[in-house]
Amino acid sequence: MEGKYANIIVDISHEKVDRPFQYRIPEKLLGKIEAGSCVRVPFGAGNKQIKGYVIEITDRAEYDTGKLKEILDLEEGAVSAKTNAIRLAWWMKTTYGSTMINALKTVLPVKKETKRLEKKTIRRLVTSKEAVLLKEQAEKKKQSAKCRLLCELITEEEIPFPFVSGKLHISAATLKSMEKQGVIEICKESYYRNPVKIKAAQTEKKKLSDAQQEIVDTVLSDYESGRTGTYLIHGITGSGKTEVYMEMIERIVEKKKAAIMLIPEIALTYQTLMRFYKRFGDRVSVMNSTLSNGEKFDQFERAEKGDIDVIIGPRSALFTPFKEIGLILIDEEHESSYKSENMPKYHARETAVEIARMHGASVVLGSATPSMEAYYRAKKGEYRLFTLKERLTGGELPSVYTVDLREELKSGNRSIFSVKLKELLQKRLECGQQTMLFLNRRGYAGFISCRSCGHVMKCPHCDVSLSEHKGGRLVCHYCGYEQPAVNKCPSCGSKYILGFRAGTEQVEEQIRKEFPRARVLRMDADTTRKKESYEEILSAFAGGEADILVGTQMIVKGHDFPNVTLVGILAADLSLAANDYRAGERTFQLLTQAAGRAGRGNMAGEVVIQTYQPEHYSIVHAAAQNFEAFYEAEKVYREMLWYPPAAHMMAVQITAKEAERGEKLSEKLAGILREKEKGKQPKGPEKVMVIGPAKAGIGRINDIFRYVFYVKAKRYEDLIQIKDELEARLFEMQLKQEMVQFDFDPLHTF
Ligand code: ADP
Ligand code: ZN
Ligand code: ZN
């Protein structure tokens, strides 16, 4: 590690993490100190010797170098969880370009200063009758405290601790002795730790199929012989991936190693959690966004102490400070929620691989529709690929019909339901089976397409759709290309070229008109403001309280609905038209997942995909449920235009209080890079492409102006180098007003 100065945190009790101090590295320690090192430094006016953690090595002195104190010594030896966390933060800082402080705040659990409330309770372990007898004995022995408590416990099985100590004035000693006798139990468990009181793990192990067993055996025998790595399980929903995860976790835990299981929050259903609790009892814990910081910290503490072996949660569960991790599993690895939208904008998949490297652990990814990234790496041999092809619960794959909406329009059908969908829906209503209607609303704001021929207005340079802005101009969010709005389709001349503005509400209305007797439930961002209402709607539907569930992508995840035999996708193109390069991938994933909802039970399912572009490869291959074919087609597109994973892309996001300054800065930075490109070979591997700058998709938020430009390169290291250069230039510029952030391999436009 280069650099003469070290930024050091002297107290890592987390609240103080945001106050590093700079020290000079003495000659003898140059090159020996790195992020995470524990050192001794003089501190304060009296120069008291204390311990500190190095969080950063730098060449930039932040103060007058003459006044900087020098590090005294390096504390060798023990690698603590903190050292690991700091190393990881350093890796995130360099890989994703954030400040070290932000990286540290991400990887270190935040300790709340407020005291956390412990939900202790006293639980009776004997029967009510036995309690009566015990109370009589206590009375005779004049043990009045014991008597008071037993009196309460005759009727109540569980009493909150504050009541016991406060109201009943029972001492800790009394409680201890009663606990020893097996009369009571003092429980510190609160809901989130173990929502269901399961004493010991009630294993309900399935005998794995040969295909499942092979995956488990391969990963484990690799692990045992020290060949850790990354594995990808491509398996349709219901093919037994979760069963494979659980078996692997069990075998890793037997080796006294911990396992981290990432599941997107939306898929973290009660049913899934129960499977893990039943298998692992109270050695497993759950993390989710409803936990307070204090509760999260609590979870982390339990992991650090070794009270649990397994944690399940969304991406932040990655930072659980287990001493020794053996396995990290990421289910539904293609989900975009695995990428952080805040600095550092890390991806859980890459971060998991790095954590695994630090711990000598393996990573297992699973998905029914793997991300382009994961599959690309699997194909290149970086990840080992496994495929699970059969649904273990039986049930045929659904039949899929693609309906061309252009033809519907031609034949005079202006309804949002095609003739085919109407017919199948009617049948479901008649025989009491359920239907899900799916309307994809994400990322279509402002896209313009032709209702007659399906033509989508696209950027001639980036091959992504243009967005309509106020005043009617069409704009590309990558390169800034602009053109006036059109009133005639450039492809077929139709005047039906316009933005698509149907929402779930309109769909619901339309159903009420066309099928007045159907019972409808709607689920979208409006109806699910509260967390419970999401579960409420789903369980109402599962309980048969409605015939039709209309919703956005929320309805394609999680719960199983055995009575759903029809899935309708109202306008598959909406996600295709999204203004970013992942539109095709997202569409394929959504269609595949949505289709997978039909016919989970014993009845065969049917799926109707309505689209203006039935010939688009995402739709063709989703209808045929052919992932491999989709992948090959998508890969060609990514390779041609240098999009990830064929290349890498960095978004440089500039925000400023004054539009002019933001614009100027973005032009200046992009200009610096363009200048550097001039001397390079046009086809060399070190070549980078600079695209933009452009006004961001949302040009202004809270009166802060936003600009963006993109840099594409074949090698990730080149982007990091460019980021470092830009950071150095920005440091020299001493900007007060403007801010610059980096997003590597972004999932969304800025
Ligand atoms: P996925 O995670 O791929 O969706 P699951 O592991 O949830 O698949 O399995 C789907 C269903 O099949 C579950 O009900 C599960 O209990 C059952 N299952 C999985 N593996 C087996 C097996 N080897 N034998 C019998 N049933 C199994
Ligand atoms: Zn047209
Ligand atoms: Zn463009």
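For the numbers below, each heavy atom of this structure counts, side chains included, while hydrogens, waters and symmetry mates do not. Indexing begins at 1, ligand by ligand and atom by atom, following the structure's order.
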Legend entry - NZ/K712: more than 12 non-hydrogen atoms of other groups inside 6.0 Å: yes
Inset, instruction - Would you mind listing which atoms of ligand 1 come within a distance below 4.0 Å of any non-hydrogen atom of K207? - result: 22 (C), 23 (N), 24 (N)
Legend entry - Validation row: R251, E254 side chains within 4.5 angstrom (heavy atoms): yes
Legend entry - Option among H334, R349, E585 that satisfies the side-chain hydrogen bond (donor to acceptor under 3.5 Å, both in side chains) test with S371: R349
Inset, instruction - Check whether any N, O or S atom of C453 sits under 2.8 Å from the Zn ion (ligand 2). - result: yes
Legend entry - Close aromatic pair by centroid cut-off 6.0 Å: Y617 and Y637: no
Inset, instruction - Answer yes or no for H461: is there an N/O/S atom below the 2.8 Å cut-off from the Zn ion (ligand 3)? - result: no
Inset, instruction - Select one of side chain, backbone, both or neither to describe which atoms of Q212 lie under 4.0 Å from any atom of ligand 1, heavy atoms only. - result: side chain
Inset, instruction - Pull out every atom of ligand 1 sitting under 4.0 Å from any heavy atom of S209, numbered as shown with elements. - result: 23 (N)
Legend entry - Y383 and L365, any side-chain heavy atoms less than 4.5 Å apart: yes
Inset, instruction - Could you please compute the angle at the Zn ion (ligand 2) from SG of C489 to SG of C450, rounded to 10°? - result: 110°
Inset, instruction - Taking atom types as modelled, find out whether S452 and S494 have a side-chain donor-acceptor pair closer than 3.5 angstrom. - result: yes
Legend entry - Angle at the Zn ion (ligand 3) (to 10°), with one arm to SG of C459 and the other to SG of C476: 110°
Legend entry - Min N/O separation T237 to ligand 1 under 3.5 Å: no
Inset, instruction - Determine whether any heavy atom of G238 lies closer than 4.0 Å to an atom of ligand 1. - result: yes
Inset, instruction - Answer with side chain, backbone, both or neither: which part of I236 has a heavy atom less than 4.0 angstrom from an atom of ligand 1? - result: backbone
Inset, instruction - Answer with side chain, backbone, both or neither: which part of S239 has a heavy atom less than 4.0 angstrom from an atom of ligand 1? - result: both
Legend entry - Pick from E243, K241, R275, E332: the one approaching atom 7 (O) of ligand 1 most closely through a non-hydrogen atom: R275
Legend entry - Donor-acceptor side-chain pairing of Y375 and E628 below 3.5 angstrom: yes
Inset, instruction - Measure the spacing between OG1 of T230 and CZ of R377 and express it to the nearest 0.5 Å. - result: 9.5 Å
